[in-house]
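Each chain gets a letter, A, B and so on, in the order its sequence line appears, and its residues count up from 1.
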2 protein chains.
Amino acid sequence: MLTIGELSRATGVKIPTIRYYEQMGLMAAAERSGGNQRRYEPQDRDRLSFIKHARDLGFTIEAIRELLELSAHPERPCADADTIAIRQLQIVRNKIAKLRPLEKELERIAACCHGDSIRDCYVLQSLANHDMCVSEH
Amino acid sequence: MLTIGELSRATGVKIPTIRYYEQMGLMAAAERSGGNQRRYEPQDRDRLSFIKHARDLGFTIEAIRELLELSAHPERPCADADTIAIRQLQIVRNKIAKLRPLEKELERIAACCHGDSIRDCYVLQSLANHDMCVSEH
DNA sequence: ATCTTTTTCTCCAGCTACTATAGCTATTAT
DNA sequence: ATAATAGCTATAGTAGCTGGAGAAAAAGAT
């Protein structure tokens with residue numbers, strides 16, 4: 001049996017976050033000690049590690065809930081889990097695709113400022129004037 | 001003079017967002033019509049466009065506040081604005097740097113699942129077992 | 001002038017995924 | 001027995017909006 005602090009150290013998930021996951025229904029309500037403190041089984045640690053790993057990969061709570069649902073039904077087809085992973089991959093790729101033009105634009109804006117005073121600051125001019133941008137965003 | 005709807009259409013910023021910016025002090029409290037509706041001057045449109053452009057580039061409200069502060073003082077050195085832009089570039093680069101390993105990991109997880117049922121689903125196994133990951137994240 | 005439609009007003013709640021505080025109690029170590 | 005550490009609940013706050021309710025104003029049609 002683990003205390004919430006031990007579970008936290010074992011998984012790298014902060015204590016308030018563990019309680020939050022319980023509230024959100026990702027973790028089952030833990031058993032309690034005589035003094036009303038949460039006590040966990042080893043399998044709770046596995047489940048929480050799964051959640052942490054998925055969160056680190058950017059899956060939403062909702063998506064994780066679905067994945068956990070699926071893993072509770074070993075006979076179901078694997079395709080559903082695959083779909084969720086592919087969806088997440090799309091989300092991550094979209095984010096990267098949006099950030100890359102921003103990076104380029106900021107490089108340009110930040111690198112080119114050779115003015116001395118705000119009056120002719122390239123950064124501020126660029127922000128004021130969208131036409132100066134080299135790409136869409 | 002523009003109504004809030006016209007300003008919204010002119011800049012692509014939604015009406016509640018314009019009111020929110022006013023609340024946050026990014027936009028000055030607008031003049032009002034006899035019937036208490038907001039009326040804007042052309043320079044308000046420029047300011048809001050500036051804000052929108054900066055938001056699109058991922059600057060926080062706080063950073064935008066600083067940039068607007070700076071642009072109100074044309075005699076100050078340009079370096080301050082440059083610093084803010086460079087900081088934002090760092091933030092964007094960090095985000096990309098974090099997302100790329102996730103992309104790789106998700107590609108691997110999503111592509112390799114050849115099992116039929118959840119029992120031997122590669123997606124779920126990978127999430128359960130961090131050791132299967134090829135990179136840190 | 002009246003009627004209808006559209007726009008705007010304020011206030012407040014909700015979103016994601018936590019994080020932090022306050023005030024209290026339980027457990028553990030000495 | 002006492003002190004230190006760890007845990008409890010409940011509530012509010014974070015960023016940056018977004019949406020809804022209910023009322024009032026403005027604009028267009030007759």
**Student:** Hydrophobic clustering (ILVMFWY, side-chain heavy atoms < 4.5 Å, transitive) - are B:I86 and B:I84 grouped together?
**Tutor:** no
**Student:** Rounding to an integer number of Å, can you tell me how far B:K52 NZ sits from D:dC17 P?
**Tutor:** 9 Å
**Student:** Would you mind reading off the distance between A:I51 atom CD1 and C:dT16 atom P, rounded to a whole angstrom?
**Tutor:** 17 Å
**Student:** Does the side chain of A:R39 get closer than 4.0 angstrom to OP1 or OP2 of D:dG7 through an N or O atom?
**Tutor:** no
**Student:** What integer distance in Å separates A:Q37:CD from D:dC8:P?
**Tutor:** 5 Å
**Student:** Can you check the B:E6 CD to D:dA27 P distance for me, whole Å?
**Tutor:** 9 Å
**Student:** Is the phosphate of D:dT18, meaning OP1 or OP2, less than 4.0 Å from a side-chain N or O of B:T17?
**Tutor:** yes
**Student:** To the nearest Å, give me how far apart CG (B:N36) and P (C:dT7) are.
**Tutor:** 19 Å
**Student:** Return the nearest nucleotide to the side chain of A:R55; candidates are C:dC18, D:dT18, D:dG7.
**Tutor:** C:dC18
**Student:** Closest to the B:R38 side chain: D:dG16, C:dT8, C:dT10?
**Tutor:** C:dT10
**Student:** Below the 4.0 Å mark, does D:dC8 have OP1 or OP2 next to a side-chain nitrogen or oxygen of A:R19?
**Tutor:** yes
**Student:** With the side chain of A:S33 defined as its heavy atoms from C-beta on, choose the nearest nucleotide among C:dA26, C:dT8, C:dT19.
**Tutor:** C:dA26
**Student:** Testing A:E41, A:R38, A:Q37 one by one against A:E31 for a side chain to side chain contact (heavy atoms under 4.5 Å, CB included), which residue passes?
**Tutor:** A:E41
**Student:** Using whole Å, report how far CD of A:Q23 lies from C1' of C:dC18.
**Tutor:** 11 Å
**Student:** Counting heavy atoms from C-beta on, name the nucleotide in D:dG7, C:dC18, C:dT8 closest to the side chain of A:I61.
**Tutor:** C:dC18
**Student:** Could you tell me how far apart A:L48 (CG) and C:dA17 (P) are, to the nearest whole angstrom?
**Tutor:** 16 Å
**Student:** Would A:R93 and B:E107 pass as an ion pair if we require N to O under 4.0 Å?
**Tutor:** yes
**Student:** Quick check for you: among D:dC17, C:dC18, C:dT10, whose closest atom lies nearest to any side-chain atom of B:R32?
**Tutor:** C:dT10
**Student:** Using 4.0 Å as the upper bound for N to carboxylate O, is an ion pair formed by A:E103 and A:R100?
**Tutor:** no
**Student:** How many whole angstroms separate atom OH of B:Y21 from atom C1' of D:dC17?
**Tutor:** 8 Å
**Student:** Output yes when at least one side-chain N/O atom of B:Y20 is less than 4.0 Å from OP1 or OP2 of D:dA15, else no.
**Tutor:** no
**Student:** Taking atom types as modelled, is there a side-chain donor on B:R45 or B:Q43 under 3.5 Å from an acceptor on the other?
**Tutor:** no
**Student:** Which nucleotide in the set C:dT19, D:dG7, C:dC9 lies at the smallest distance from any side-chain heavy atom of A:T3?
**Tutor:** D:dG7
**Student:** Among the nucleotides D:dA25, D:dT18, D:dC17, which one has an atom lying closest to any side-chain atom of B:K14?
**Tutor:** D:dT18
